[in-house]
Amino acid sequence: MLDTIRIPVMPSSPLQTTTESHNHSLKNGEQYAEGINWDDLGFGLIPIDYMYTMKCSNRENFTQGQLTPFGKIELCPSAGILNYAQGLYEGLKAIRTEDGRILLFRTKENALRMKMGAERLCMPSPSVEQFVEAVMQTVQANKRWVPPPGKGSLYVRPLLMASGCNLGLGPGKEYTFVIYASPVGNYIKGRTALNLFVEHVYHRAAPGGTGGVKSVTNYSPVYQPLTQARAKGFSDILFLDSETGKNIEEIAAANIFILKGNVLSTPTLKLGTILPGITRKSIIDIARDFSYQVEERVIPVEDLLEADEAFCTGTAVIVNSVGSVTYQDKRVEYKTGEGSLCQKLYETLIGIQTGRLEDKNGWTLEVN
C-alpha cells in the first residue's frame, strides 16, 4: 500500500468559479469549497486543490506516488501520449451520503480495467492496491470539493500515459499515472431522455482494435459524426458494428440496453468492440435481482426498433433513458419516466451509491 501523505492547509483555488457559494459545513466544522453554486453544477472542469502523480520507467513497476497542488504537467514534445496516443483513462465518482460519509463505487473494477487496457497498449500499470489507494488519497485531500448530499459528485479521472521522449514508433520509455478530479452535476442536464441517431457511415470500433479498452484513441473519432448529429437536433449517436453494419454497439460514451417484455439485452463483449462498463456490469446484476432475464448478445438494429424500452449506462450518464431512436427514415419512441425499468434501475443504483440502500454486494468503499 502507498504511504499516507499529510496534506497541508491550502487556500481556495484561484481558478474556482465565481458563482454564489452555499454555506454548507462539513464534519468537525470544516467548510465546503468556496465560490461554488452547488445547486447548479454542470459537467465541466472546476480546478480543485490537489492531484496525484506517480511515475515509472519501462520494464519497471510503479512505486511511490505523491499529491501535489493541481496544475499543469510538463511533457516532452515527442512523448508517446502526444505522438502515438499511448494512453488510457478511467472515470469514477466520489459521493457524499446524508450522514456525511464519502463513498466510492467499485473502484477495484476500474483498477482491473486499467490493467487490462495497459496490457493491450504495452504499458506498465499501477497494481490494484496502488490504484485504489491513490484514488482514496486524492478524494481525501479534496474532500471539501465533494458536493453536499444530492447536489452531485466528485468526478475522479485517473490517467495512464507514455510521458517520456520517444521519437520512434514503439512503447514509451517512461510512464506517468495521474489522478485529477472535479465536482460535477448531471452529465445530461435534467436527465432528459436521449434522442438518438443511428450512425451508419462512421464506426466507433472494429474487431481486433481497442474498442474493448478505455484507450484515449476511442473518443475523438466520434466528434465528427456526433457534431453532425447534434446539428440536426439529435442528442447523441448510436454506432453499428463495422463488419456488417447491422448490429448495434454503443453510443458515443456509454453502453446501451434494450427491453422487450421481461428480457433485457445489451451488446456482447465477446467481439472486443464494446467497453466493459462498470455501470453496465452493475445494472446486469441488479436487473437479474429484479427477476429480469438478461442477455448479452449480438443485437440486430431491428430488435432495437421493436423494443419496449431503451436506456444507456455509464459512470457519467449513470442510467439514462432513450426517448427515441432514428434509423435512416424511421423514428421509434420508447417508454420513459415513472414506471419504466430505467427509472427503477436508476433509483436502485443511486440508492446504493449514496448509501440510502443496503449494499449487499460490497460495491461501495468509504473514504476515511
Side-chain angles (χ1 to χ4, degrees), residues 85 117 120 187-188 193-261 263-281 283-284 287 294-317 319-336 341-342:
R120 174 67 178 83
Y187 184 74
I188 300 170
L194 296 176
N195 174 23
L196 298 183
F197 175 76
V198 179
E199 175 58 53
H200 57 277
V201 175
Y202 298 93
H203 298 284
R204 175 190 170 273
T210 59
V213 299
K214 210 162 175 63
S215 168
V216 298
T217 58
N218 293 346
Y219 296 91
S220 58
V222 311
Y223 294 167
Q224 185 176 21
L226 181 59
T227 300
Q228 293 172 350
R230 286 178 174 169
K232 297 176 182 177
F234 297 100
S235 51
D236 215 316
I237 50 179
L238 174 62
F239 289 98
L240 301 176
D241 74 293
S242 62
E243 286 194 301
T244 70
K246 297 179 179 180
N247 307 309
I248 66 171
E249 291 208 324
E250 289 191 20
I251 70 169
N255 297 119
I256 190 164
F257 287 79
I258 64 170
L259 178 68
K260 183 68 174 178
V263 180
L264 182 65
S265 302
T266 192
T268 178
L269 303 178
K270 291 181 179 180
L271 301 177
T273 56
I274 303 295
L275 185 72
I278 295 161
T279 307
R280 172 189 183 276
K281 185 176 183 178
I283 288 302
I284 287 173
V294 181
E295 297 180 349
E296 298 178 70
R297 62 180 177 91
V298 173
I299 302 177
V301 69
E302 289 78 15
D303 289 6
L304 169 72
L305 300 177
E306 295 173 2
D308 302 324
E309 193 176 329
F311 57 86
C312 61
T313 64
T315 299
V317 302
V319 185
N320 204 97
S321 61
V322 173
S324 68
V325 161
T326 298
Y327 174 61
Q328 297 178 351
D329 59 351
K330 185 173 184 178
R331 185 175 188 271
V332 175
E333 295 185 352
Y334 303 101
K335 178 180 180 180
T336 63
L341 176 60
C342 174

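Residue numbers run from 1 in the order of the sequence given.
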*From CA spacing to verdict: side-chain hydrogen bond (donor to acceptor under 3.5 Å, both in side chains), S215, N218*: CA-CA 6 Å; S215 168; N218 293 346; 4.6 Å; no

Would you mind reporting whether [Y] and [X] have side-chain heavy atoms less than 4.5 Å apart?
X	Y	value
T279	N255	no
T210	R120	yes
R204	E250	yes
R331	N195	yes
I299	R297	yes
V198	L304	yes
F257	R280	yes
C342	N320	no

Taking all heavy atoms of [X] and all of [Y], pick out the closest pair and write down the distance.
X	Y	result
Y327	L305	CD2-CD1, 4.0 Å
R230	S235	NE-O, 3.2 Å
A252	V222	CB-CG2, 4.2 Å
L194	C312	CD1-SG, 3.5 Å
I248	P267	O-CG, 3.6 Å
Y187	A316	CB-O, 3.4 Å

Working to the nearest 0.5 angstrom, can you tell me the gap between [X] [atom1] and [Y] [atom2]?
X	Y	atom1	atom2	answer
K214	L275	NZ	CG	5.0 Å
T266	E295	OG1	CD	11.0 Å
E296	L264	CD	CG	10.0 Å
Q328	F197	CD	CZ	8.5 Å
Q224	Y202	CD	OH	3.5 Å

Please check this pair: side chain of [X] against backbone of [Y], looking for a donor-acceptor N/O pair closer than 3.5 Å.
X	Y	answer
H203	L240	yes
D241	N247	yes
S324	V332	no
E309	L341	yes

_Looking at K260, I'd like to know if its NZ atom is crowded, meaning that more than 12 non-hydrogen atoms belonging to other residues, nucleotides or ligands lie closer than 6.0 Å._
yes

*asked:* Show, in sequence, the C-alpha distance, side-chain angles and deciding distance for V325 and Y334, and conclude whether the side-chain contact (heavy atoms from CB on, under 4.5 Å) test is met.
replied: CA-CA 8 Å; V325 161; Y334 303 101; 3.7 Å; yes

